[in-house]
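One structure below.
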Amino acid sequence: AVLAYGHRRTAQRRLARLAEYGLLRGFWAANSQRPRGRFAYALTKAAREGLAQLIWAGELSKPTRVEAPSPVIHQLATHDLLVAILAAPSSRETYLAGWAPERAIALGFGGYLRPDALAVFGSGERAVELFIERDLGTERGAILAAKARTYSGYLSGHAVPMNVGFVVESARRAAALAYRLRHWTEHELPGRGKAPCWVTTADELTADPFAAIWRAPDGRRVSARAMASFEPAWQLPRLGPLCLLTDDGPEATDDRLLTAVGKLGRDIWR
């Protein structure tokens, strides 16, 4: 509804028709954190394989297949962030310029780095790249801190500054994670360059995505536009409601963004 159709019922009718064609499957998804569950749609295996053949037809080499490891409930929680950001009023100072999901990012990094999403925020003529890790409270804090180490080990010192944002369920969880990250920063890798890590809550981010406060381990509090940024080599699109109906919409979630991510992944692996 937010990306293309404008109305929820219209989107539901179109999704149901695609399910009749065998391109999608609809199902209920639930877990211990979300026992009531939610209804979701996903590509069928045949549709995914058919799309892969279309996308990679004529290529000299097909990329390694990477399956999305996150449970459906986890992926839906990440999609909720995208919906909130798209629906929020943007301005020249801050706007959404690109979004790529987990599977696509994992392909760009050969499966080693697999954040839940990559968001690109426009800030004037500059861009902020933010890897998003959506936490539903199912992982121990030590595991999240280990993810921060992995990101910093591969992203720090790169020509394009990268940020890592952890979106958690509660303020208490955010404070606990920030403490762990501060301890790691001060005692394990003192004085070395790292990819900046930030923490916020899902409620804060969805309430006002462009003004939401992200907390750094050292206590700094900034919005997305104040994070490390760079001047992109391409014209940044502006994504918002019904963006898939515009010329820039599909490109912002596909060619230019994923090409840049793929190049970043290759540069890191070299």
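Computed from heavy atoms alone, side chains included, the values below leave out hydrogens, waters and symmetry copies. Throughout, residue positions are numbered sequentially from 1 according to the sequence presented.
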Quiz item: Can you hop from Val222 to Ile85 via hydrophobic side chains spaced under 4.5 Å?
Solution: yes
Self-check item: Closest non-hydrogen atom pair, Ala127 against Val120
Solution: CB-CG1, 4.1 Å
Quiz item: For the atom pair CG (Asp208) and CG (Leu205), what is the distance rounded to the nearest 0.5 Å?
Solution: 9.0 Å
Quiz item: Counting heavy atoms not belonging to Glu231, are there more than 12 under 6.0 Å from its CD?
Solution: no
Quiz item: Considering only heavy atoms from C-beta outward, does the side chain of Phe121 approach that of Met227 to under 4.5 Å?
Solution: no
Quiz item: According to a 4.5 Å side-chain heavy-atom criterion applied to Ile, Leu, Val, Met, Phe, Trp and Tyr, with indirect links allowed, do Leu51 and Tyr21 form part of one hydrophobic cluster?
Solution: yes
Quiz item: Looking only at heavy atoms, which two atoms of Cys243 and Leu86 are closest? And how far apart?
Solution: SG-CD2, 4.2 Å
Quiz prompt | Pairwise distance CZ(Arg114) to CD1(Ile105) - rounded to 0.5 angstrom | solution = 11.5 Å
Quiz prompt | Single hit among Arg134, Arg180, Lys147 for salt bridge (Lys or Arg N to Asp or Glu O under 4.0 Å) with Glu139 | solution = Lys147
Quiz item: For atom CZ of Phe39, is the number of surrounding heavy atoms from other residues, nucleotides or ligands below 6.0 Å larger than 12?
Solution: yes
Exercise. Would you indicate whether the side-chain heavy atoms of His74 and Asp116 approach each other to under 4.5 Å?
Key: yes
Exercise. Search all heavy atoms of Ala4 against all heavy atoms of Leu245 and return the closest pair with its distance.
Key: O-CD1, 3.3 Å
Quiz item: If we only count heavy atoms from C-beta on, is the Arg173 to Leu144 side-chain gap below 4.5 Å?
Solution: yes
Self-check item: Over all atoms of both residues, closest heavy-atom pair of Leu236 and Tyr95
Solution: CD1-OH, 3.6 Å
Practice problem: State whether the number of non-hydrogen atoms from other residues, nucleotides or ligands found under 6.0 Å of Arg17 atom CZ is greater than 12. | Solution: no
Quiz item: Do Arg182 and Asp218 have side chains that get closer than 4.5 Å, going by heavy atoms?
Solution: no
Quiz item: Is there a donor-acceptor pair closer than 3.5 Å between any side-chain N or O of Thr200 and the backbone N or O of Val167?
Solution: no
Exercise. Establish whether Val83 and Leu242 are linked, either directly or via other cluster members, by ILVMFWY side-chain heavy-atom contacts under 4.5 Å.
Key: no
Quiz prompt | Considering all heavy atoms, the nearest Pro35-Ala30 contact | solution = O-CB, 3.9 Å
Practice problem: Dump the intermediate steps for side-chain contact (heavy atoms from CB on, under 4.5 Å) on Leu18 and Tyr41, then the final yes or no. | Solution: CA-CA 10 Å; Leu18 291 174; Tyr41 286 94; over 6 Å; no
Quiz prompt | Audit row: Leu43, Leu24, side-chain contact (heavy atoms from CB on, under 4.5 Å) steps and yes/no | solution = CA-CA 4 Å; Leu43 285 172; Leu24 300 180; 3.8 Å; yes
Quiz item: Heavy-atom distance under 4.5 Å between the side chains of Val2 and Leu82, does that happen here?
Solution: no
Quiz item: Does some side-chain heavy atom of Ile132 sit less than 4.5 Å from a side-chain heavy atom of Pro115?
Solution: no
Practice problem: Say whether Trp198 and Ile213 are linked into one hydrophobic cluster, either directly or through other cluster members, by side-chain heavy-atom distances under 4.5 angstrom. | Solution: no
Quiz prompt | Test item: side-chain donor near acceptor, Thr78 and Glu102, under 3.5 Å | solution = no
Quiz item: What distance do Asn163 atom CG and Tyr151 atom OH have between them, rounded to the nearest 0.5 Å?
Solution: 12.5 Å
Practice problem: Answer yes or no: is there a side-chain heavy-atom contact under 4.5 Å between Leu15 and Gln12? | Solution: no
